[in-house]
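Worksheet: one structure, shown below.
Both counts, for ligands and for their atoms, begin at 1 and track the order of listing. Predicted model only: the values in this text are computed from it and were never measured.
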Amino acid sequence: MRSHYCGQLNEARIGETVSLCGWVHRRRDHGGVIFVDLRDRDGLCQVVFDPDRADTFAQAETLRNEFVVRVKGLVRARPEGTVNPDLPSGAIEVLAHELEILSVARTPAFQLDEHASVSEDVRLRHRYIDLRRPEMIDRLRFRSKVCNSIRNYLDDNGFLDIETPILTRATPEGARDYLVPSRTHPGEFFALPQSPQLFKQILMVAGMDRYYQIAKCFRDEDLRADRQPEFTQIDIETSFMDEAGIMAVAENMIRQIFQRHLDVDLGEFPRMTWGEAMRRFGSDKPDLRIDLEFTDIADLMQGVDFKVFAGPANDPDSRVVALRVPGGASLSRKEIDDYTRFVGIYGAKGLAWIKVNDLAAGIEGLQSPIIKFMPEDVVKQVLDRLQVASGDIIFFGADKAGIVNEAIGALRLKVAADLGQVKPGWAPLWVVDFPMFERDKEGNLNSLHHPFTAPSCTPEALRDSPDKALSRAYDMVLNGTELGGGSIRINQPQMQQAVFDLLGIGEEEAQEKFGFLLNALSSGCPPHGGLAFGLDRLIMLMTGASSIREVIAFPKTQSAACPLTDAPGPVAAKQLRELNIRLREQPGTASTD
Ligand code: ASP
């Protein structure tokens, strides 16, 4: 049907007869001549209909936006003065000889160039229109090309692409499962995989040695800003490699992708321990494009009368930190009030600050609601430790460590963005030496990564002091976003049971839930490890898109629904009966046969 894509035509084709297929982007009638911008995946091309060919012209008069047509015509140079330098095909036009209307279109829900004025819900409901926009096409094309490079890289490095089941058992990655009722096993359910974690480990036990999969994962979480209930991972697992080897393969892959697709050299990725990242940035995924850092000052505050600081300074579970922001003295009272409200979202009860208006003027040169509560020499020591300069503002966080880290960590990002202190470019790093566990509010241990992650100590040391134990996990972070993470896995049943015990999963429950894994671990399990990257996030970062929904063809909304298909939806009573499911009385949930 087609000889060329619209966007590929240029001066080189002048004098040729071409066939184009595409959508009517715009029709303009100009003094007896009709111009149609014809659009396809590759771009636009101007088509001219002149009245000499009466039939074709009459047909062209009926064209409306988004009609699908086929045009056969002659490529010719545009008349002087009408060349459009912004368009690859802007120097030529196609004089139509034939026009075939392949499909008519109702008036679209929104014109392609008006997408910004409609809600995201409308864009998602009419995704077939939204995806016609060049920006969306470009992103999906970019995604496709990156996936292709990833496959090639992993294939070149001996990885096998192996599919794992979607209907499976729950895998504990810390989220709620999506469940699928089984018809053939009444009352029983499959879970959709939160990741292929256990299958990829079993593949290592089976001797596959190197596995990868571009895999769909499902997590029924309350959707925070940039999460999707189903998302895509580049999932990798290897045998007989240690952390250094796995990180090198993964780092190299990301480096190559950036080089090839963005012409960016990411260089060698620095490494930082989890402890250092938390201490300096309050985050396990620090954005290293920002220079602002936490400075601990609890030791200086232990003796002050100011309870807000002295309390946390004397509590081992708390932190007192200062964040020096160069140039921040120019912030207005209102801006500081806004920041105070902002840290409140993260549980901070307030936001203390000192403006350094004139360092040379000593205490007189400072402006702050809190210095009156502090001895002058303590204030001075704080200024010295932070090496402040005139024009700085210092923000303080004093609370339980978790709250300080979250609140001041978020403030660090926000202030830097507001004051233009985020350096351009890319800042990758590896975060290593994570703790094995964290404690929840009830004091129970939870895995920081997942329960199959190997500790860097013996089972005995792990049982003795689980709070101190570090894991052999690693995360790749880019510009403050966790791109991927993984670990060396446990390959001994005793160690696996030790971890399960600490997590409160006794032997019986472990057998019931993970018996197949424990059996595999006792059946000749090689040392193995791997990691998984979030493909959607990677593409979002690389394309500069504002959310992962912009790089997924058919994303879900914040409430985990699909406006295009109206999923999830009610099902017929017959289907429920077959599945042995009876809905609780709830108006509107059950439907009729
Ligand atoms: N399965 C892990 C995750 O989804 C990644 C890994 O450990 O390889 O985060």
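At a heavy-atom cutoff of 4.0 Å, ligand 1 is contacted by both the backbone and the side chain of Ala532. Counting heavy atoms closer than 4.0 Å to ligand 1, residue Arg219 contributes side-chain atoms (C-beta onward) but none from N, CA, C or O. When heavy-atom distances to ligand 1 are checked against a 4.0 Å cut-off, Arg489 comes that close only through its side chain, counted from C-beta outward.
Among Ser487, Gly485, Ala215, Gly534, the residue whose heavy atom lies closest to atom 5 (C) of ligand 1 is Gly485.
The distance criterion of under 3.5 Å between nitrogen or oxygen atoms is met by His450 with respect to ligand 1. Checked against a 3.5 angstrom limit, the closest N/O atoms of His449 and ligand 1 fall inside it.
Interface atoms of ligand 1 facing Lys200, defined by a heavy-atom separation under 4.0 Å, are 6 (C), 8 (O). Heavy-atom contacts of Ser195 reach the following atoms of ligand 1: 1 (N), 4 (O) (cutoff under 4.0 Å). Near Gln233, meaning under 4.0 Å from one of its heavy atoms, ligand 1 places the atoms 3 (C), 4 (O). Listed by number with element, the atoms of ligand 1 under 4.0 angstrom from any heavy atom of Gly486 are 6 (C), 7 (O). Taking every heavy atom of Gln197 and a limit of under 4.0 angstrom, the matching atoms of ligand 1 come to 1 (N), 2 (C), 5 (C), 6 (C), 7 (O), 8 (O). Counting the atoms of ligand 1 from 1 in the order shown, those under 4.0 Å from a heavy atom of Leu531 are 8 (O).
If you check which protein heavy atom lies closest to atom 3 (C) of ligand 1, you get Glu173 OE1, 3.4 Å.
Between the side chain of Tyr474 and the backbone N or O of Ala244 there is no donor-acceptor pair closer than 3.5 Å. Here the side chain of Arg143 pairs no donor or acceptor atom with the backbone of Ala553 at under 3.5 angstrom.
Using the six-membered ring where Trp is involved, Phe514 and Phe516 have ring planes that are tilted, between 30° and 60° apart.
Donor-acceptor pairing under 3.5 Å is recorded for the side chains of Thr164 and Gln213. Between the side chains of His261 and Ser149, a donor-acceptor pair is found at a separation under 3.5 Å. When only modelled atom types and interatomic distance are considered, Asn405 and Arg319 share a side-chain donor-acceptor pair under 3.5 Å. When only modelled atom types and interatomic distance are considered, Gln256 and Asn252 share no side-chain donor-acceptor pair under 3.5 Å.
Cation-pi geometry between Arg537 and Phe231 is not satisfied (NZ or CZ under 6.0 Å from the ring centre, within 45° of the ring normal).
Few gaps surround CZ on Arg141; more than 12 heavy atoms of other groups in view lie less than 6.0 Å from it.
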